[in-house]
Amino acid sequence: MAPLDSRSPLLLAYLAQLSQHPLRTKALTTGTLCFLQEVLGSHLANVPVRYPAKDAPFYSHVLARAKVDARAVKMAVYGLLVSAPISHVLVGTLQKAFAGKTGRAAKLGQIVASNLIVSPIQAASYLASLAIIGGARSWKDVRKTVKGGFPSVIRVMWVSSPLSIIFAQNFLAPELWVPFFNLVSFVLGTYFNTKMKRIRKSAEKEDKGL
C-alpha cells in the first residue's frame, strides 16, 4: 500500500478525527451525505420547486430554490442517528473479525459475511426509515415498504458491496476504507433517491392524467 499523500491536509485531518472520534465523525459525515443525497436527488429528478408564501422570509425562498426541504433535514437526522451508528457497529465488527487475515479464504469470508449479515440489516433499516420519513404511522405501513423495496435494494447491495470490498482489500489502506465506503454509499444513495423521485413524479402525472 502506498503511504498517505502528505499533500492532502484535509484528508489527513479527517482521518485523524476518524481515529480519535470514530462514531461522531461517521455520524456527522453520514448525516451530511444523506442531506446532500436528498437535495441532489431532487435536482436530478427535476422535482418542481415548492415556493413558500410571498410574505415568507427571504431565506425560505432561497432554500426552496435550492430544493432544501423538511425531508432533506429528516434524511440528515436518519444519517446521523440511524445509518451511521448501525454501520459503525456492523462494519466495525466485521473488520475486527477479519483483522490481520489476508488469505483468500478470509477475504471471501468477509464478503460473504457482509452480504448475508451487514447488507440485509442496512437495507431493512434504510427502507424502514424512508417509510417513517415518508409518513408511515403504523408498523404495518413500515413493513409493507420494507417488504416491497427490499428485493431491489438488496440486489444492488449484493453487487456493489462485494465489488467495493474487493477493491478496498486490494488497493486501499485500512484507514481509507471508511471514506471510500462513504463515497460508494453516497453514489448509491443518490441513485436510489433519484430513481424513487422519478417514479413518484411519473405516478403523480398519471394520476392527474398528464
Atom [atom1] of [X] and atom [atom2] of [Y]: how far apart are they, to the nearest 0.5 Å?
{"X": "L28", "Y": "H21", "atom1": "CG", "atom2": "NE2", "value": "11.0 Å"}
{"X": "L127", "Y": "I132", "atom1": "CG", "atom2": "CD1", "value": "11.5 Å"}
{"X": "D69", "Y": "S42", "atom1": "CG", "atom2": "OG", "value": "6.0 Å"}
{"X": "K26", "Y": "S83", "atom1": "NZ", "atom2": "OG", "value": "11.5 Å"}

Side chain to side chain contact (heavy atoms under 4.5 Å, CB included) between L130 and R71, intermediate numbers included: CA-CA 10 Å; L130 285 187; R71 184 180 174 86; 3.9 Å; yes
After noting the C-alpha distance and the side-chain angles of Q37 and F192, does the key distance pass the side chain to side chain contact (heavy atoms under 4.5 Å, CB included) rule? CA-CA 9 Å; Q37 283 175 18; F192 282 124; over 6 Å; no
Which heavy atom of [X] sits nearest to which heavy atom of [Y], and what is that distance?
{"X": "L163", "Y": "V159", "value": "CG-O, 3.3 Å"}
{"X": "A64", "Y": "V49", "value": "O-CG1, 3.2 Å"}
{"X": "P162", "Y": "N115", "value": "CG-ND2, 3.5 Å"}
{"X": "G149", "Y": "S152", "value": "O-OG, 3.1 Å"}

Can you get from [X] to [Y] by hopping between Ile, Leu, Val, Met, Phe, Trp and Tyr side chains that sit under 4.5 Å apart?
{"X": "F150", "Y": "I133", "answer": "yes"}
{"X": "I154", "Y": "V146", "answer": "yes"}
{"X": "F35", "Y": "V82", "answer": "no"}
{"X": "I117", "Y": "I111", "answer": "yes"}
{"X": "L33", "Y": "V68", "answer": "yes"}

Evaluate the criterion side chain to side chain contact (heavy atoms under 4.5 Å, CB included) for residue pair L90 and I121; output intermediate values, then yes/no. CA-CA 9 Å; L90 293 177; I121 295 175; 3.7 Å; yes
Atom OH of Y191 with >12 non-hydrogen neighbours under 6.0 angstrom: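 Atom OH in Y191 is not crowded, with 12 or fewer foreign heavy atoms closer than 6.0 Å.
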Are more than 12 heavy atoms from other residues, nucleotides or ligands located less than 6.0 Å from atom CH2 of W177?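 Yes - once you tally the heavy atoms of other residues, nucleotides and ligands closer than 6.0 Å, there are more than 12.
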Any donor and acceptor pair, going by atom type alone, linking the side chain of [X] with main-chain N or O of [Y] inside 3.5 Å?
{"X": "H61", "Y": "A53", "result": "yes"}
{"X": "N193", "Y": "G189", "result": "no"}
{"X": "R198", "Y": "L44", "result": "yes"}
{"X": "K67", "Y": "V47", "result": "yes"}
{"X": "H43", "Y": "A66", "result": "yes"}
{"X": "T25", "Y": "Q17", "result": "yes"}
{"X": "S164", "Y": "S160", "result": "yes"}
{"X": "D141", "Y": "K144", "result": "no"}

[Y] and [X], any side-chain heavy atoms less than 4.5 Å apart:
{"X": "F98", "Y": "K107", "value": "no"}
{"X": "P85", "Y": "V89", "value": "no"}
{"X": "L176", "Y": "L11", "value": "yes"}
{"X": "Y14", "Y": "T29", "value": "yes"}
{"X": "S114", "Y": "S119", "value": "yes"}
{"X": "T30", "Y": "Y78", "value": "no"}
{"X": "V184", "Y": "F167", "value": "no"}
{"X": "L15", "Y": "P179", "value": "yes"}

Just jot down the side-chain hydrogen bond (donor to acceptor under 3.5 Å, both in side chains) partners of S125, sequence neighbours excluded, or say none.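 Per chain and number, S125 pairs via side-chain hydrogen bond (donor to acceptor under 3.5 Å, both in side chains) with no residue.
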Full working for side chain to side chain donor-acceptor pair (under 3.5 Å) between Q169 and Q110: CA-CA 10 Å; Q169 288 174 338; Q110 190 174 26; 2.8 Å; yes
All salt bridge (Lys or Arg N to Asp or Glu O under 4.0 Å) counterparts of K197, not counting sequence neighbours: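 Scan of K197 (salt bridge (Lys or Arg N to Asp or Glu O under 4.0 Å), adjacent residues dropped) gives E38.
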Please step through side chain to side chain donor-acceptor pair (under 3.5 Å) for the pair Q122 and S87, ending with a clear verdict. CA-CA 7 Å; Q122 289 178 325; S87 296; 3.0 Å; yes
Apply side chain to side chain contact (heavy atoms under 4.5 Å, CB included) to the pair I165 and F181, showing each step before the final yes or no. CA-CA 9 Å; I165 292 177; F181 287 136; 4.1 Å; yes
